[in-house]
Amino acid sequence: DPVLNVIGRDPRVAHIHVNQAKAKVFATPFYETKALNIAARAAEGKWIGRMDQDTIIGKRFFDWFAAGKAAAGSVYFSPRRQLPEGVMVEQDGNNYNDAPTRTAYNSAVGILLMGRETWHSQRGYCEALKHFNHMEVEFLQRLEKSHPIRFFAPEIDMPFYHIWHGRQDCVTRVQNDLGHCPLNGEDWGLLT
């Protein structure tokens, strides 16, 4: 079922449903870069925040953002904390999944935040990366050539919380090849 049918409508949230027949034309079981670019292309707000679907964002981030701390033209990155098994609420004091001082080049994403104009100017994630891992690394390497990247986890004490789950799928998943990352064409984030 489409997510909309499961969680219901909220006027603050836009849902994009991709027809299964259209999604099946891609040779990958989960085309995350395309899915994120579709959402970014459809976004209407000033900011785009990308986190994994198994991540909770805590109050400190929203307080920081509401206080106008995010500067236009900057890109923000933070790793995340790891919640213990069975915990699905914001909870500090837990182990860091990666230390707050680690960069996007060697840690899991808590949040990647930038202005919508910045995302669009870069044409989003490299859609040649159709498989698993390295998509943030490539995107940030491209972004840092023209936009300052702020690793802001220490500033807000990393209020991003990964919900625990088993990871047996990592062994068998095809890894992305960072050697093949051409700039997306004008059709980035669109289904043809």
Side-chain angles (χ1 to χ4, degrees), residues 26 28 30-58 60-62 64-65 68-82 95-163 167 170 173-190:
F26 303 109
T28 180
F30 183 58
Y31 197 174
E32 190 170 13
T33 56
K34 177 65 95 172
L36 292 167
N37 283 345
I38 289 170
R41 188 111 189 209
E44 296 177 0
K46 291 181 181 178
W47 292 91
I48 295 176
R50 179 270 194 268
M51 72 293 274
D52 283 344
Q53 64 276 13
D54 55 6
T55 301
I56 296 168
I57 298 182
R60 280 191 310 281
F61 169 77
F62 293 107
W64 174 89
F65 190 78
K69 303 283 186 169
S74 290
V75 175
Y76 296 86
F77 180 87
S78 174
R80 61 195 187 193
R81 296 174 186 262
Q82 179 63 50
N95 294 331
Y96 293 122
N97 186 266
D98 289 303
T101 54
R102 284 184 69 178
T103 67
Y105 309 115
N106 58 6
S107 63
V109 64
I111 194 167
L112 174 60
L113 176 72
M114 70 191 77
R116 181 170 53 93
E117 287 181 11
T118 301
W119 190 297
H120 283 237
S121 73
Q122 297 294 315
R123 297 182 183 171
Y125 284 107
C126 173
E127 293 182 5
L129 302 178
K130 295 181 180 183
H131 302 291
F132 183 57
N133 275 341
H134 310 306
M135 55 191 254
E136 261 82 42
V137 172
E138 186 281 328
F139 197 12
L140 283 162
Q141 286 174 341
R142 197 164 13 104
L143 282 160
E144 73 182 351
K145 293 174 184 170
S146 55
H147 296 83
I149 297 174
R150 290 192 47 198
F151 298 102
F152 74 131
E155 182 181 333
I156 60 173
D157 194 23
M158 205 156 83
F160 308 102
Y161 310 88
H162 179 248
I163 298 170
R167 292 306 304 252
C170 290
R173 291 174 80 179
V174 176
Q175 298 284 315
N176 281 317
D177 174 12
L178 281 176
H180 179 64
C181 299
L183 183 63
N184 294 327
E186 293 293 333
D187 63 343
W188 71 274
L190 297 176

Please report the closest heavy-atom contact between [X] and [Y], naming both atoms and the distance.
{"X": "Phe62", "Y": "Gly58", "answer": "CD1-O, 3.3 Å"}
{"X": "Gly189", "Y": "Lys34", "answer": "N-NZ, 4.2 Å"}
{"X": "His147", "Y": "Gly73", "answer": "CD2-O, 3.2 Å"}
{"X": "Phe77", "Y": "Ala108", "answer": "CZ-O, 4.0 Å"}
{"X": "Pro79", "Y": "Met158", "answer": "O-CG, 3.3 Å"}
{"X": "Phe160", "Y": "Ile111", "answer": "CZ-CG2, 3.3 Å"}

Give a yes or no on whether the backbone of [Y] and the side-chain of [X] come within a donor-acceptor separation of less than 3.5 Å.
{"X": "Asn184", "Y": "Glu127", "result": "yes"}
{"X": "Arg142", "Y": "Gly124", "result": "yes"}
{"X": "Asn176", "Y": "His131", "result": "yes"}
{"X": "Thr33", "Y": "Tyr125", "result": "no"}
{"X": "Tyr76", "Y": "Gly49", "result": "no"}
{"X": "Asp52", "Y": "Gly110", "result": "no"}
{"X": "Arg41", "Y": "Leu190", "result": "no"}
{"X": "Arg150", "Y": "Ser74", "result": "no"}

**side-chain contact (heavy atoms from CB on, under 4.5 Å) against Phe65, all qualifying residues, sequence neighbours excluded** =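 side-chain contact (heavy atoms from CB on, under 4.5 Å) check on Phe65 returns Trp47, Phe61, Ala70, Leu113.
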Reported [atom1]-to-[atom2] distance for the pair [X] and [Y], which is rounded to 0.5 angstrom:
{"X": "Arg123", "Y": "Asp187", "atom1": "CZ", "atom2": "CG", "value": "9.0 Å"}
{"X": "Trp119", "Y": "Asn37", "atom1": "CH2", "atom2": "CG", "value": "6.0 Å"}
{"X": "Leu143", "Y": "Ser121", "atom1": "CG", "atom2": "OG", "value": "7.5 Å"}
{"X": "Arg80", "Y": "Ile56", "atom1": "CZ", "atom2": "CD1", "value": "11.5 Å"}
{"X": "Tyr161", "Y": "Asp54", "atom1": "OH", "atom2": "CG", "value": "15.0 Å"}
{"X": "Met135", "Y": "Leu129", "atom1": "CE", "atom2": "CG", "value": "8.5 Å"}

Would a 4.5 Å heavy-atom cut-off, applied to side chains only, mark [X] and [Y] as touching?
{"X": "Ser78", "Y": "Glu155", "value": "no"}
{"X": "Glu138", "Y": "His134", "value": "no"}
{"X": "Arg50", "Y": "Glu32", "value": "yes"}

**Request:** May I have the step-by-step check of side-chain contact (heavy atoms from CB on, under 4.5 Å) for Leu140 and Leu112, ending in yes or no?
**Result:** CA-CA 9 Å; Leu140 283 162; Leu112 174 60; 3.8 Å; yes
**Item:** Mutual orientation of the aromatic rings belonging to Trp64 and Phe152 [parallel < 30°, tilted 30-60°, perpendicular > 60°]
**Value:**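 The arrangement is tilted - the two ring planes meet at 30° to 60°.
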**Request:** Mind running side-chain contact (heavy atoms from CB on, under 4.5 Å) on Met51 and Val109 for me, showing each step along the way?
**Result:** CA-CA 6 Å; Met51 72 293 274; Val109 64; 5.8 Å; no
**Message:** Using a 6.0 Å cut-off, check whether atom CD of Glu117 has over 12 heavy atoms from anything other than its own residue.
**Reply:**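 No, because the 6.0 Å sphere around CD of Glu117 holds 12 heavy atoms or fewer from other groups.
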